[in-house]
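In what follows, chains carry the letters A, B, and so on, assigned in the order in which the sequence lines appear, proteins first and then strands, with residues in each chain numbered from 1. Remember, it's a predicted structure, so these values are computed and weren't measured experimentally.
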There are 2 protein chains.
Amino acid sequence: MPAPEIERLVGLFARLPTLGPRSARRAVLSLLDNPKAQMQPMIETMQAVVDHVQICPICGNFDTQSPCSVCADLKRDKKQVCVVRDIADLWALERGNIFHGVYHILGGVLSAIDGVGPDDLHLDSLVGRVQKGNIEEVILALPATVDGQTTAHYVADRLEKYPVKLTTLARGVPVGGELDYLDDGTLQMALKSRRSL
Amino acid sequence: MPAPEIERLVGLFARLPTLGPRSARRAVLSLLDNPKAQMQPMIETMQAVVDHVQICPICGNFDTQSPCSVCADLKRDKKQVCVVRDIADLWALERGNIFHGVYHILGGVLSAIDGVGPDDLHLDSLVGRVQKGNIEEVILALPATVDGQTTAHYVADRLEKYPVKLTTLARGVPVGGELDYLDDGTLQMALKSRRSL
């Protein structure tokens, strides 16, 4: 029987992924420990995000500038486009600071179970970017799941007729991986794609 | 490399209990799916909480009214005071709708490891409430942990000289509990506190 405002806030938190009613209560209680010092910055930051964050019209990334800081970066190689499922995957690649091209966010992967068809993905905009002819390589960095690979094949089919190099992420033993603990599929791919030392 | 506002918001979420950097990113990304529809209500609710929620001067509960709705409720038995560790435990008891007295929030339990001493708990205010003489029973609903029980004994010592009945929650087999899966301590307490049918 918390105050209605608190109850409503717990309800809003409980809707977030990875949080349930119990962890939402704990999160809100920790915010309540010092509402002014903890909630006020959150309120202001959220307001700044709502007011300024927009979707990049080129790649679909979120940023306060448009085009986004990746697409606007002159040092980035615009000839390499890395196709990712969502922004979380873009962030994962950016955290590694390993890719210096630009991105294209599909907004999901094809999934019969979840009812995601080609029209639900940002495919036409990808084809449009490739059609313009300035792109040399499209890297399909989609999840190594059945849905992810189905999507990769679909995207490859759509781009087949354009003079663009299509690549995908390597499969193999992850760094630090013990062979004993790896699944058969990964081991098989790692053996098949073996390279000379 | 998300926009600085987004990064700050992820950082604020990651500080909440039960959330880490990864789940904070997922939570923020889900909010970004539709910032206006998802974040605006959260901003407004948080602002309402910051503006209106206060600590009840009697029991230490959070509420938009002062004294809190429990302490102000005329139907509640003010002669029964249930001592709980924190507001989460108060909410747990209130969810069950099983207790019709009032509460006193200690704000923690004694803990040598965490450096929580008697002065860190709201003990003086509890003694003050008991001293006023209108209280018949103090129910110590503290966690069944070593720290919780140490605290219960300490509170009992402090209240010993007042003409008040001190009780604690029953120990035993939880409803739906399989004997086979219970720890020895619980089984022992359940056997010791057995009652006639």
Side-chain angles (χ1 to χ4, degrees), chain A residues 1-13 15-20 22-33 35-36 38-55 61-65 68-70 73 86-88 90-95 97, chain B residues 1-13 15-20 22-33 35-36 38-55 61-65 68-70 73 86-88 90-95 97:
Chain A
M1 234 186 46
E5 284 87 349
I6 300 178
E7 206 147 18
R8 209 178 313 137
L9 192 58
V10 170
L12 289 169
F13 268 89
R15 270 192 240 159
L16 297 175
T18 78
L19 283 166
R22 216 190 117 75
S23 38
R25 272 197 301 272
R26 286 197 56 194
V28 169
L29 274 172
S30 110
L31 285 173
L32 283 170
D33 264 351
K36 290 236 154 48
Q38 293 202 274
M39 284 172 120
Q40 206 64 56
M42 209 170 222
I43 291 169
E44 282 157 19
T45 313
M46 272 197 201
Q47 193 64 58
V49 168
V50 169
D51 291 346
H52 301 303
V53 168
Q54 43 195 315
I55 295 172
N61 189 10
F62 283 121
D63 209 328
T64 41
Q65 61 186 84
C68 75
S69 56
V70 176
D73 190 341
D86 51 30
I87 292 175
L90 184 158
W91 288 356
L93 282 160
E94 284 296 292
R95 269 200 301 283
N97 197 24
Chain B
M1 235 187 46
E5 283 87 347
I6 299 178
E7 206 147 13
R8 210 177 313 139
L9 192 58
V10 170
L12 289 169
F13 268 90
R15 271 194 240 159
L16 297 175
T18 77
L19 283 166
R22 215 189 119 75
S23 36
R25 272 198 301 274
R26 285 196 56 197
V28 169
L29 274 171
S30 110
L31 286 172
L32 283 170
D33 265 353
K36 289 236 155 48
Q38 294 201 270
M39 285 172 118
Q40 207 63 56
M42 209 169 222
I43 291 169
E44 282 158 19
T45 313
M46 273 196 200
Q47 194 62 61
V49 169
V50 169
D51 291 345
H52 302 303
V53 169
Q54 43 194 319
I55 295 172
N61 189 11
F62 284 121
D63 209 327
T64 41
Q65 61 187 82
C68 76
S69 56
V70 176
D73 189 342
D86 51 28
I87 293 176
L90 185 158
W91 289 357
L93 282 160
E94 284 296 292
R95 269 199 303 283
N97 197 24

Considering only heavy atoms and a distance below 4.5 Å, find which of [options] pairs most often with chain B.
{"options": "A:Glu44, A:Gln65, A:Met39, A:Gln38", "answer": "A:Met39"}
{"options": "A:Ile55, A:Val28, A:Thr64, A:Leu90", "answer": "A:Thr64"}
{"options": "A:Leu32, A:Leu31, A:Leu19, A:Asn97", "answer": "A:Leu32"}
{"options": "A:His52, A:Arg8, A:Gln47", "answer": "A:Gln47"}

Which one of [options] has the most heavy-atom pairs closer than 4.5 Å to chain A?
{"options": "B:Ser30, B:Cys68, B:Ala48", "value": "B:Ser30"}
{"options": "B:Leu12, B:Leu16, B:Ile43", "value": "B:Ile43"}
{"options": "B:Ser23, B:Pro35, B:Ala24, B:Ala88", "value": "B:Ser23"}

Nearest-0.5 Å distance, CH2 of residue A:Trp91 to CD1 of residue B:Ile6 = 5.0 Å

Which bit of B:Val53 comes within less than 4.5 Å of chain A, counting heavy atoms only: side chain, backbone, both or neither?
-> side chain

